[in-house]
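Each remark here refers to the structure printed beneath this line.
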Amino acid sequence: MVRSNTEDDPTETAPAASAATRYRGTVLQVLPALVTGGVERGTIDVALALKEAGFRALVASAGGPMTRELHRAEIEHVELPLASKNYFTMRRNADRLEALIRDEGVDIVHARSRAPAWSALWATQRTGARFVTTFHGTYNFSNPLKRYYNSVMTKADRVIAISEFIRRHIHDNYRPDGTKVRVIHRGIDMDLYSGENVAAERLIRLSERWRLPDGVPIVMLPGRMTRWKGQTLLLRALAEMTHRPVRCLLVGDSQGRDAYVREVEDLAKRLKVDHMVHAVGGCDDMPAALKLADIVISASTDPEGFGRVAVEGQAMGRVVIAPAHGAAPEQIEDGVTGWLFRPGDAFDLANKLDRALDMGAEARMAMGQAGIENARNRFTKAGMCAATLDVYRELLQAPAASAA
């Protein structure tokens with residue numbers, strides 16, 4: 001067990017039981033690693049919110065570059081091999097978590113992935129600490145053993161589903177006690193995703209890098225270059241559109257999927273839309289990228305538990321088009337804050353693209369403003385953190401016997 005203890009109070013010499021009296025409670029979040037992604041972002045956001053609210057926040061993972069954010073906030077990170085799915089490693093991790101819970105007076109353990117959740121379950125059963133999980137996806141299963149492995153996410157005292165779509169998936173496939181499931185949508189930083197806070201220099205820098213032509217509508221699909229994100233579906237829709245020209249930007253890292261990138265490029269040539277399409281790779285300034293776009297597309301072929309693209313695009317006041325499956329219908333009011341299309345249907349996506357491009361400036365501005373208000377009212381980081389802390393408080397106030 002490697003600790004990166006970032007608390008710098010020189011008077012911190014009291015035992016855990018004494019420390020607990022100075023905090024509203026101690027919450028340990030466990031996840032595989034802190035490299036990049038929505039799960040990791042949510043973990044850090046909640047850790048910061050815990051500290052601000054007077055709780056003690058601990059995070060355990062295999063480490064990664066995002067631990068720097070915890071260090072800057074003086075939140076302790078404990079390095080454990082929690083990314084491993086090896087049964088014996090998971091059992092050893094349970095022993096390490098048990099020791100950590102006892103040594104630090106941990107009240108609640110919050111697991112955000114399946115392998116760490118098994119270790120956390122075993123550790124909390126031995127110590128009596130409360131157990132919370134967040135169900136982030138549908139966790140596909142093809143046999144009873146895989147379903148059992150996934151089921152650990154429903155064995156907690158409280159189960160957080162990141163959307164109503166995920167809540168339904170949990171109940172349809174695992175049949176947990178419905179009273180312990182809470183829906184808490186993922187939230188975004190509205191200060192970061194605000195058009196008012198994106199300086200013109202940032203837009204100019206990206207526009208020059210991507211060589212964007214003046215006066216041509218920008219259609220953007222943000223998402224890593226992988227088949228289920230729907231880049232090929234969007235290309236087929238471009239070929240069916242009546243509106244020309246547009247510039248289509250595929251914004252996302254290939255993460256080594258060079259063969260798929262070539263497939264996308266070859267398809268664009270066969271469909272004769274290659275002059276419109278530009279795969280620009282990853283982007284380190286997504287708010288500026290989204291502000292450059294006229295239309296933001298989510299084209300995922302698999303239902304997403306909570307795709308951030310639809311919410312981030314709305315927050316930036318863009319017209320958003322997304323498939324009518326997964327959590328997208330919870331995020332978008334069709335025809336009001338964006339458009340929904342039939343999943344996997346290139347013709348319907350093309351139709352929605354044409355309708356969006358046919359909108360006058362006033363109608364587009366009205367839809368953009370409705371999207372901003374939708375994001376601010378329902379999908380903020382502050383709201384997500386507050387709702388998560390309410391779950392922790394609920395457990396801390398409940399008698400042990402009634403927590404489960």
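Positions are given from 1 along the sequence.
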Query raised in the report: Measuring from Leu349:CG to Glu240:CD, what's the distance to the nearest 0.5 Å?
Result: 10.5 Å

Requested in this report: List in chain and number order the residues that pass salt bridge (charged side-chain N to carboxylate O under 4.0 Å, His left out) with Arg167, two or more places apart in sequence or in another chain; answer none if no residue qualifies.
Outcome: Glu164

Query raised in the report: Does the salt bridge (Lys or Arg N to Asp or Glu O under 4.0 Å) test come out yes or no for Glu79 and Arg96, once each step is laid out?
Result: CA-CA 10 Å; Glu79 189 171 318; Arg96 294 160 178 153; over 6 Å; no

Query raised in the report: At their closest point, which heavy atom of Ala57 faces which heavy atom of Ala47, and how far apart are they?
Result: CB-O, 3.6 Å

Requested in this report: Would you please say whether a donor-acceptor pair under 3.5 Å links the side chains of His110 and Tyr392?
Outcome: yes

Report summary line: Rounding to 0.5 Å, atoms OG1 (Thr67) and CD1 (Ile75) come to a distance of 12.0 Å

Report summary line: CZ (Arg318) and CD1 (Ile218) are apart, to the nearest 0.5 Å, by 11.5 Å

**Report entry** Partners meeting salt bridge (charged side-chain N to carboxylate O under 4.0 Å, His left out) with Asp390 (sequence neighbours left out)
**Finding:** Arg393

Requested in this report: Kindly compute the distance separating CG (Asn197) from CZ (Arg202), expressed to the nearest 0.5 Å.
Outcome: 8.0 Å

Query - Residues, nucleotides or ligands: over 12 heavy atoms within 6.0 Å of Phe141 CZ - result: yes

**Report entry** Selection residues 218-237 - residue pairs positive for salt bridge (Lys or Arg N to Asp or Glu O under 4.0 Å), sequence neighbours left out
**Finding:** Arg227-Glu263, Lys229-Glu304

Report task. Please answer whether the main-chain N or O of Thr138 pairs with a side-chain N or O of His169 as donor and acceptor at a distance below 3.5 Å. Result -> yes

Query raised in the report: Can you check whether Thr154's main-chain N or O pairs, donor with acceptor, with Lys180's side chain at less than 3.5 Å?
Result: yes

Query - With sequence neighbours excluded, residues passing salt bridge (charged side-chain N to carboxylate O under 4.0 Å, His left out) with Arg114 - result: none

Query raised in the report: Would you say the side-chain atoms of Ser163 pair up with the backbone N or O of Ile166, donor to acceptor, closer than 3.5 Å?
Result: yes

Query raised in the report: If you count the non-hydrogen atoms of other residues, nucleotides and ligands that lie under 6.0 Å from CZ in Arg209, is the total more than 12?
Result: yes

Query raised in the report: Would a 4.5 Å heavy-atom cut-off, applied to side chains only, mark Tyr193 and Met286 as touching?
Result: yes

Query raised in the report: How close do Val35 and Gly63 get, heavy atom to heavy atom, and via which atoms?
Result: CG2-O, 4.3 Å

Query raised in the report: With a 4.5 Å limit on heavy-atom distance, are the side chains of His278 and Cys248 in contact?
Result: no

Report summary line: Across all chains, not counting sequence neighbours, the side chain to side chain donor-acceptor pair (under 3.5 Å) partners of Tyr149 are none

Query raised in the report: Which heavy atom of Pro343 sits nearest a heavy atom of Pro323, and at what distance?
Result: CA-CB, 4.2 Å

Query raised in the report: Do Arg56 and Glu76 sit within salt-bridge range, that is, some charged N less than 4.0 Å from a carboxylate O?
Result: yes

Query raised in the report: Checking Arg247 side chain against Pro213 main chain: does a donor-acceptor pair fall under 3.5 Å?
Result: no

Requested in this report: Answer yes or no: is there a side-chain heavy-atom contact under 4.5 Å between Leu353 and Leu234?
Outcome: yes

Query raised in the report: Ser119 and Val30: side-chain contact (heavy atoms from CB on, under 4.5 Å), yes or no, with the steps?
Result: CA-CA 9 Å; Ser119 300; Val30 297; over 6 Å; no

Report task. Check the surroundings of atom CZ in Arg68: do more than 12 heavy atoms from other residues, nucleotides or ligands lie under 6.0 Å from it? Result -> no

Requested in this report: Assess whether side-chain contact (heavy atoms from CB on, under 4.5 Å) is satisfied between Asn140 and Asp302, documenting all intermediate values.
Outcome: CA-CA 11 Å; Asn140 293 332; Asp302 295 342; 5.8 Å; no

Query raised in the report: Under the side chain to side chain donor-acceptor pair (under 3.5 Å) test, which residues partner Gln314, sequence neighbours left out?
Result: Thr337, Asn374

Query raised in the report: Considering only heavy atoms from C-beta outward, does the side chain of Arg41 approach that of Met66 to under 4.5 Å?
Result: yes

Requested in this report: Determine the minimum heavy-atom distance between Ile332 and Ala322, stating which atoms define it.
Outcome: CD1-CB, 3.7 Å

Query raised in the report: Could you state the interatomic distance from OG1 (Thr380) to CD1 (Ile188), rounded to the nearest 0.5 Å?
Result: 8.5 Å

Requested in this report: Establish, from distance only, whether the side-chain atoms of Arg147 and Asn150 form a donor-acceptor pair under 3.5 Å.
Outcome: no

Query raised in the report: So do Leu28 and Leu97 actually touch side chain to side chain, heavy atoms under 4.5 Å?
Result: yes

Query raised in the report: Would a 4.5 Å heavy-atom cut-off, applied to side chains only, mark Leu100 and Asp103 as touching?
Result: no

Query raised in the report: Looking at CG of Leu50 and CG of Leu389, how far apart are the two atoms once the value is rounded to the nearest 0.5 Å?
Result: 4.5 Å

Query - Leu192 and Lys381: CA distance, side-chain angles, deciding distance, side-chain contact (heavy atoms from CB on, under 4.5 Å) verdict - result: CA-CA 11 Å; Leu192 182 64; Lys381 177 179 72 173; over 6 Å; no

Requested in this report: Identify whether the distance between the nearest side-chain nitrogen and carboxylate oxygen of Asp274 and Lys269 falls below 4.0 Å.
Outcome: no

Query raised in the report: Quick one: does Glu330's side chain have a donor or acceptor within less than 3.5 Å of a partner on Phe165's backbone?
Result: yes

**Report entry** is_close_aromatic(Tyr148, Trp118), centroid dist under 6.0 Å
**Finding:** yes

Requested in this report: Indicate the atoms forming the closest heavy-atom contact of Ile321 with Ala356, along with that distance.
Outcome: CD1-CB, 4.2 Å

Query raised in the report: In terms of side-chain heavy atoms, does Asp177 have a donor or acceptor partner in Thr179 at a distance below 3.5 Å?
Result: yes

Requested in this report: Check the pair Leu233 / Phe341 against side-chain contact (heavy atoms from CB on, under 4.5 Å), numbers first and verdict last.
Outcome: CA-CA 12 Å; Leu233 176 66; Phe341 70 93; 4.0 Å; yes

Report task. Using atom types as modelled and distance alone, determine if a side-chain donor or acceptor of Thr124 lies under 3.5 Å from a backbone N or O of Arg130. Result -> no

Requested in this report: Show your working on salt bridge (Lys or Arg N to Asp or Glu O under 4.0 Å) between Glu98 and Arg102 and close with a plain yes or no.
Outcome: CA-CA 6 Å; Glu98 178 185 357; Arg102 296 189 189 280; 3.2 Å; yes

Query raised in the report: Are side-chain heavy atoms of Val311 and Phe306 found at a separation under 4.5 Å?
Result: yes

Query raised in the report: Is a side-chain donor or acceptor of Ser84 paired with a backbone partner of Asn86 at a separation under 3.5 angstrom?
Result: yes

Query raised in the report: Arg92 and Thr89: side-chain donor and acceptor closer than 3.5 Å?
Result: yes

Query raised in the report: Should Leu290 and Pro222 count as side-chain neighbours, where that means a heavy-atom distance under 4.5 Å?
Result: yes

Query raised in the report: Any idea which heavy atoms bring Ala111 and Met153 closest together, and the distance?
Result: O-CE, 4.1 Å

Report task. Could you tell me whether Asp348 and Lys352 make a salt bridge, using a distance below 4.0 angstrom between a side-chain N and a carboxylate O? Result -> yes

Requested in this report: Report the relative orientation of the aromatic rings in Phe135 and Tyr174; use parallel for angles under 30°, tilted for 30 to 60°, perpendicular for over 60°.
Outcome: tilted

